[in-house]
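Sharing a structure with you now.
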There are 2 protein chains.
Amino acid sequence: MRTFVAITDAGTFHEASDSLSISQQAVSKRVAALEKSLGVRLFTRTARGARLTVDGQAFLPHARALLRAEARAVASVRPGSRALRVDVISRRLAPGGLLSDFHRAHPDAELDAVTLRDADAAIAAVQAGTVDAAFRAVTVPAWQLPDGVAAVRVHDEPLQLLTGPAHEFADAGTIAMERLAGHRIWMPGIVAGTEWAAYYEDFAAAFGFTIEVTGPDFGTEPLLDTIARSAVLATFVGEQTRLLWPPEDDLRRVDVRDPTPVYPHSLIWRRDNPHPALALLRDHFASPRPGHLAPDAPGLTWAPDWAAR
Amino acid sequence: MRTFVAITDAGTFHEASDSLSISQQAVSKRVAALEKSLGVRLFTRTARGARLTVDGQAFLPHARALLRAEARAVASVRPGSRALRVDVISRRLAPGGLLSDFHRAHPDAELDAVTLRDADAAIAAVQAGTVDAAFRAVTVPAWQLPDGVAAVRVHDEPLQLLTGPAHEFADAGTIAMERLAGHRIWMPGIVAGTEWAAYYEDFAAAFGFTIEVTGPDFGTEPLLDTIARSAVLATFVGEQTRLLWPPEDDLRRVDVRDPTPVYPHSLIWRRDNPHPALALLRDHFASPRPGHLAPDAPGLTWAPDWAAR
DNA sequence: GTAGCCCGACAACCTCCGGTTGTCGGGACA
DNA sequence: TGTCCCGACAACCGGAGGTTGTCGGGCTAC
């Protein structure tokens with residue numbers, strides 16, 4: 001690909017071979033191999049150089065796109081001057097409802113999303129500089145964070161109950177929290193010892209339902225399929241979560257009120273991290289965002305006692 | 001890259017080696033080479049398989065994007081079932097003002113833009129199936145087109161004069177066509193014998209200015225730079241043309257009235273071409289588009305006599 | 001505690017991919 | 001029509017990248 005693009009830029013095989021620091025014959029061989037593998041001619045060879053065929057013209061922008069993709073891939077792991085790397089909790093809960101929001105506001109800021117084991121790992125990674133920021137529920141007060149690490153609760157994500165059409169709550173639209181008592185909530189994929197598990201333990205204890213984590217996690221598709229077929233199982237998802245499958249009419253979203261459970265996200269970062277996009281991220285989440293609950297909303301919501309303010 | 005992604009999908013080196021039909025040792029070597037070239041570890045090796053490191057997680061979406069780019073590149077030249085391939089006239093005149101419009105209306109329709117030598121070559125390519133459609137000024141009446149090839153005049157692009165700040169017309173904003181008489185218009189890059197050359201010959205003859213095509217074409221940047229510095233040279237560009245360089249304040253766009261010159265684009269296609277996106281393209285340009293001159297606008301515009309209706 | 005198992009790494013070997021140099025035919029141009 | 005330059009072809013060669021065989025090291029079962 002690089003050779004192909006170099007030739008279109010240079011105009012002749014010979015000149016391209018210079019810029020690539022290989023021989024003209026090697027360039028010729030590379031092109032011949034590429035043309036053979038594609039099954040089309042990319043250049044018409046003339047006495048005054050190489051000109052693109054129609055296929056070559058159509059191919060060129062895709063070849064350039066490929067080289068750009070390669071450069072971005074390499075840059076994503078280059079120490080120093082890489083894109084902002086942000087830890088977000090498992091996609092099930094909030095697959096970028098947070099970040100896609102930011103992305104719309106700052107389309108040029110490049111982000112790489114990663115997911116660490118739990119908040120402790122995320123905080124350690126932020127301190128180590130392995131990641132630049134994390135969105136996590138923080139279970140400890142601010143003064144217990146490592147030196148130089150800051151955390152601010154920036155986003156309370158309302159949780160909805162997700163049920164199949166045969167479930168008791170399927171057509172309720174909204175239910176009161178007290179009706180959850182005694183019900184079975186299935187949350188496979190939760191890892192014991194994480195802040196995410198702690199959240200659901202406290203949540204279940206506070207309102208008298210049971211959390212089941214049985215079964216290995218085969219991914220979200222079988223999980224949601226099971227939910228869709230079950231009359232008694234339900235699960236929680238973030239309000240912003242967009243499910244890819246199954247079609248939404250196989251599943252029902254049920255709002256919960258009195259109070260509405262919210263998952264408390266804190267933005268965690270290291271104060272001396274100079275990454276320019278990090279400042280954008282902090283500013284974005286420091287200011288109130290229309291359509292989102294402010295974390296200090298009055299008592300209509302529920303979050304664990306330990307959730308940092 | 002493919003190996004890297006295969007491992008993340010499979011979970012273990014061994015399983016990935018199966019899906020790639022190579023040995024586990026080869027997979028191990030490939031990963032080691034990739035990690036070495038990137039300078040980071042992508043996997044943590046455990047007794048239960050390979051897990052992504054943080055770098056690996058950040059790298060993964062870029063690796064997938066690269067593979068998608070590769071697939072698109074290959075698909076762009078695959079005979080049958082490739083993206084719609086459209087011939088458009090040299091970018092100088094109308095760099096996708098036509099196609100970006102269509103792209104906004106149909107973001108999913110994949111297009112590859114190519115540029116053939118002239119309208120005759122485009123018509124031949126359409127007939128041969130090398131390209132699926134062409135936007136060209138057609139110099140012959142419809143009944144002289146090859147069998148099965150159709151052409152409909154769909155878009156008249158108004159031309160603006162482009163001058164440097166020292167030019168007589170620089171600050172006029174709008175001029176009457178008659179004022180062009182005796183002026184020098186520089187249009188390097190025009191190839192003799194093309195319908196594009198014929199257009200400008202007729203244009204110049206009709207209103208008494210001169211066209212200069214001297215000088216080899218070094219690309220648009222030096223051309224525009226020359227225009228920007230000259231007090232007597234000017235050139236024509238399509239109204240929709242967005243110039244990348246120099247900054248617009250080094251150049252002046254001057255509207256021409258009484259009449260306004262328009263470049264007549266016909267959409268050319270082969271009637272039995274079943275490409276689904278071609279039908280979209282025809283429908284899009286068959287219907288009136290707000291903000292664009294209809295090709296049958298009254299006598300306020302000028303186009304050559306031969307321009308197909 | 002320990003035997004077995006499965007995972008990935010390492011070593012040795014070999015093939016052939018992809019580079020090199022040398023040469024050639026053919027179109028453009030003076 | 002000679003000259004020049006472009007790209008292709010041939011012959012050769014080193015090493016990148018595949019193979020097989022083997023090993024150490026954690027889980028896991030008993």
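Small disclaimer: the values here were computed from a predicted structure and weren't measured. Proteins come first, then strands; the chains are lettered A, B, ... in the order of their sequence lines, and each starts at number 1.
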Pick out the pairs of N or O atoms, protein on one side and nucleotides 13-15 of chain D on the other, that lie under 3.5 Å.
none

Quick test of your reading: applying salt bridge (Lys or Arg N to Asp or Glu O under 4.0 Å), list the pairs with at least one residue in residues 1-28 of chain A, sequence neighbours left out, ordered by first then second residue.
A:Arg2-A:Glu70, A:Asp9-A:Arg64
Atom-pair distance (CD on A:Glu15; P on D:dC5), nearest Å:
13 Å
ring-ring contact (aromatic ring centres under 6.0 Å, His included): pairs with one or both residues in residues 45-80 of chain B, sequence neighbours excluded
B:Phe4-B:Phe59
What pairs with B:Ala16 under side-chain contact (heavy atoms from CB on, under 4.5 Å), at least two apart in sequence or on another chain?
B:Ala6, B:Ile7, B:Ala10
Reading nucleotides 19-30 of chain D from 5' to 3' and marking B where a protein heavy atom lies under 4.0 Å of the base, S where only the sugar-phosphate is that close, and - otherwise, the string is BBBB----SS--
Under the side-chain hydrogen bond (donor to acceptor under 3.5 Å, both in side chains) test, which residues partner A:Asp118, sequence neighbours left out?
none
In whole angstrom, give the distance that lies between atom CZ of A:Arg2 and atom C1' of C:dG18.
16 Å
Separation of atom CZ in B:Phe43 from atom C1' in C:dA9, rounded to whole Å
15 Å
Using a 4.0 Å heavy-atom cut-off, does A:Ala32 contact any base of the nucleic acid, only the sugar-phosphate backbone, or nothing at all?
nothing
C:dG18 OP1/OP2 closer than 4.0 Å to side-chain N/O of A:Arg30
no
Applying salt bridge (Lys or Arg N to Asp or Glu O under 4.0 Å), which residue pairs with at least one partner in residues 39-59 of chain A are found, sequence neighbours left out?
A:Glu35-A:Arg45, A:Asp55-B:Arg85
Starting from C1' on C:dG8, measure out to CG on B:Leu42 and report it in whole angstrom.
15 Å
Length of the line joining A:Leu34:CG and C:dG18:P, which is rounded to integer Å
12 Å
Mind grabbing the angle between the end helix axes of the helix from C:dG1-D:dC30 to C:dA30-D:dT1? Five pairs an end, 10° rounding.
40°
Suppose the criterion is ring-ring contact (aromatic ring centres under 6.0 Å, His included): which pairs have a residue in residues 11-35 of chain B, not counting sequence neighbours?
B:Phe13-B:Phe43
Mind calculating the distance between CG (A:Asp18) and P (D:dC6) to the nearest angstrom?
10 Å
Could you give the CG-to-C1' distance, from A:Leu20 to C:dG18, as a whole number of Å?
14 Å
Tell me if a side-chain donor or acceptor on B:Ser230 pairs with a main-chain N or O of B:Ile227 at a distance below 3.5 Å.
no
Under the salt bridge (Lys or Arg N to Asp or Glu O under 4.0 Å) test, residues paired with B:Arg82 that sit two or more places apart:
B:Asp132
With B:Asp87 via salt bridge (Lys or Arg N to Asp or Glu O under 4.0 Å) - residues at least two apart:
B:Arg136
A:Ser28 side chain near D:dA8 phosphate (N/O to OP1/OP2, under 4.0 Å):
yes
Can you list the residues that meet the ring pair (Phe, Tyr, Trp, His ring centres under 6.0 Å) rule with B:Phe209, with sequence neighbours excluded?
B:Phe203
So does A:Leu42 get a backbone contact from the side chain of A:Thr53, meaning a donor-acceptor N/O pair under 3.5 Å?
yes
So what does B:Ala33 hit on the nucleic acid, given a heavy-atom distance under 4.0 Å: a base, only sugar-phosphate, or nothing?
nothing
